[in-house]
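I have placed the structure first, in the form of C-alpha cells, so that the comments after it can refer back to it.
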Amino acid sequence: DMSKRPEALGLISNRLGMHAEFFGHVRGRYGNALLSRLPIVSVTHHHLRGGTEWALPAGTVKFNGDVVAKEGETHRIARGMMSVEVLLPPSPPTSGATGE
C-alpha cells in the first residue's frame, strides 16, 4: 500500500542505485513497481479491462473501509500495465570496423 509508505520505493531504488517508477492502477495505492539499472526515458500507463471478480459474504467490510457488502455483491480488482522506454548505453564498435 503506497499510501502507508510513499517514500519506500524511492528509498529502495536509491539504496540499490536504480531508477524507479510506480503505476498505482488500484486507487493509486496498489499496482506495479519497476526498478531499472538503465535510465527511464518515458512511461506509459495502461488500464486494462476485466480483472478478478468474486462475491463477498453479506456483512463483509470492503477494502475501502466504509462500505459493508450486501448479499450477492461482488468486488473487482482492477488490472493495469506499465510500459517504459529506457536509455540504452552506446554499443561498442564491432571488431574490424574501420570507420570508412
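What you see below is based on every heavy atom in this structure, not just the backbone, and it leaves out hydrogens, waters and symmetry mates. The model shown is predicted, which means the values in this text are computed figures rather than measured ones.
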Problem set entry | For H46, ring pair (Phe, Tyr, Trp, His ring centres under 6.0 Å) partners two or more places apart |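 For H46, no residue satisfies ring pair (Phe, Tyr, Trp, His ring centres under 6.0 Å) once neighbours in sequence are set aside.
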Seminar exercise, completed: Contacts of F22 meeting ring pair (Phe, Tyr, Trp, His ring centres under 6.0 Å) (sequence neighbours excluded), chain-then-number -> none
Problem set entry | salt bridge (Lys or Arg N to Asp or Glu O under 4.0 Å) contacts in which one or both residues fall within residues 32-60, not counting sequence neighbours |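 Every candidate salt bridge (Lys or Arg N to Asp or Glu O under 4.0 Å) pair involving residues 32-60 fails, so no pair, neighbours aside, qualifies.
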Applying side-chain contact (heavy atoms from CB on, under 4.5 Å), can you list everything that pairs with [X], at least two apart in sequence or on another chain?
X   : result
T52 : W54, R79
N32 : F23, H25, M82
L11 : R5, E7
L38 : S36, V86, L88, P89

For this session: Nearest 0.5 Å please: distance from the CD1 atom of I40 over to the CD atom of E21.
Result: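 Result: 4.5 Å between the selected atoms.
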Exercise. With a cutoff of under 4.5 Å between side-chain heavy atoms, which Ile, Leu, Val, Met, Phe, Trp and Tyr residues group with V41?
Worked result: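 Members other than V41 - counting any ILVMFWY side chain reachable under 4.5 Å - are L87.
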Exercise. To which residues is M81 joined in a hydrophobic cluster, defined by side-chain heavy-atom contacts under 4.5 Å among Ile, Leu, Val, Met, Phe, Trp and Tyr, whether direct or through other members?
Worked result: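 Grouped by the 4.5 Å side-chain rule, L48 form the rest of the cluster around M81.
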Exercise. For S42, what residues pass the side chain to side chain donor-acceptor pair (under 3.5 Å) criterion, not counting sequence neighbours?
Worked result: E85
